[in-house]
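Basis for what follows: all heavy atoms, side chains included, without hydrogens, waters or symmetry-related copies. In this text, all values refer to a predicted model and were calculated from it rather than measured experimentally.
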Amino acid sequence: MTTHPTRSAPSEAGGAAGRRELERLMALMTGDEKHGPAATSTLDALWVLYDRVLRVSPAEADAPGRDRFLLSKGHGPMAYYAVLAAKGFFAEELLPGFGSYGSPLGHHPDRTLVPGVEIGSGSLGHGLPLAVGSVLGLRARGLPGPRVWVLIGDAELDEGSNHEAIAYAGPAALDQLHTLVIDNASATYGRPGGIASRFEAAGWSVETVDGRDHEAMYAAFTAPHPGRPRAVVARVEPKS
């Protein structure tokens, strides 16, 4: 059985202080096409992952043993950029240039331009299949320790490629694979029984939590799931 150690405590900037810092960093990014709601719905989950769970840092960004985080929901990267800046992957001075000509921080993240970014993303439905491939690649290289996390939006479950990945990963026992679904009720088609039921039917370990509750997410992110991929559905009520 593969064990996956995690960080046991938040950093000094964690908790409420970290959340306020992220809001300051996000406020540096402006523009008409910033997809603000798509970004803010992911902010808390991203912070818990990077502050308390993921084993990756600027110094380890290319290390074979690092955890991989894939942002499939790449059309709203502001929160992602804020978290990466807060964690020192790049200087916060880059944030005001978000989306402008010549800035590395585009409306969709580019892995060749932004330190810490694992994939170029934004076209819906590709992140989870890429995460499955990443796990298979790690297995082929004899690296059972690194975990692969992918963040998808609930609307991405309208894309068939995700369902092929879900159907494969469970029977293949890809326990290095972790999928975080941000459920802000934006999907066109509802899932009978809810989003969690789709993963459960394919043999995944699944939990649904409040996407603003840091402790609940941390517990769900770090729960053991030997022999099964893990899915966490984080429900986030749209802010009025």
- Query: Going through the checks in order, is the side-chain contact (heavy atoms from CB on, under 4.5 Å) test met by His178 and Val150?
  - Reply: CA-CA 6 Å; His178 304 73; Val150 57; over 6 Å; no
Within this structure, what is the [atom1]-[atom2] distance for the pair [X] and [Y], rounded to the nearest 0.5 Å?
X	Y	atom1	atom2	result
His108	Leu105	NE2	CG	14.0 Å
Thr40	Leu22	OG1	CG	12.0 Å
Leu84	Leu94	CG	CG	11.5 Å
Ser121	Leu70	OG	CG	8.0 Å
His225	Ser205	NE2	OG	6.5 Å
Tyr168	Leu174	OH	CG	6.0 Å

Give a yes or no answer on whether the side chain of [X] reaches the backbone of [Y] with a donor-acceptor pair at less than 3.5 Å.
X	Y	value
Arg147	Val53	yes
Arg66	Ala63	yes
Glu164	Ser161	no
Gln176	Leu143	yes
Asn162	Glu156	yes
Trp204	Ile166	yes
Ser100	Gly97	yes

- Evaluate side-chain contact (heavy atoms from CB on, under 4.5 Å) for Val148 paired with Asp67, printing each intermediate quantity in order. CA-CA 6 Å; Val148 177; Asp67 286 344; over 6 Å; no
Is the shortest side-chain heavy-atom distance between [X] and [Y] below 4.5 Å?
X	Y	value
Tyr81	Leu25	no
Leu128	Thr179	yes
Arg141	Pro64	yes
Arg230	Asp175	no
Phe69	Leu46	yes
Met217	Val232	no
Leu49	Phe221	yes
Ile152	Ile182	no

What closest approach, in Å, do [X] and [Y] show between heavy atoms, and which atom pair accounts for it?
X	Y	result
Ala85	Leu95	CB-CD1, 4.1 Å
Ala86	Trp47	CB-CZ3, 4.0 Å
Val236	Gly211	CG2-CA, 3.8 Å
Thr208	Ala196	OG1-CB, 3.7 Å

- Task: Apply side-chain contact (heavy atoms from CB on, under 4.5 Å) to the pair Val233 and Val209, showing each step before the final yes or no.
- Result: CA-CA 6 Å; Val233 181; Val209 296; over 6 Å; no
Using a strict cut-off of less than 4.0 Å between a Lys/Arg side-chain nitrogen and an Asp/Glu carboxylate oxygen, indicate whether [X] and [Y] qualify as a salt bridge.
X	Y	result
Arg24	Glu21	yes
Arg55	Glu60	no
Asp51	Lys87	yes
Asp44	Arg212	yes

- Query: Would Ser41 and Lys73 count as having a side-chain donor-acceptor pair, cut-off 3.5 Å?
  - Reply: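 Short answer, yes.
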- Verify the distance criterion only: is there a donor paired with an acceptor across the side chains of Arg52 and His214 at less than 3.5 Å?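 Absent: no donor and acceptor within the cut-off.
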- Message: Tell me every residue that passes salt bridge (Lys or Arg N to Asp or Glu O under 4.0 Å) with Arg111, counting only those two or more places apart in sequence or in another chain.
- Response: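 For Arg111, no residue satisfies salt bridge (Lys or Arg N to Asp or Glu O under 4.0 Å) once neighbours in sequence are set aside.
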- If you count the non-hydrogen atoms of other residues, nucleotides and ligands that lie under 6.0 Å from CZ in Arg68, is the total more than 12?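 Above 12, so yes.
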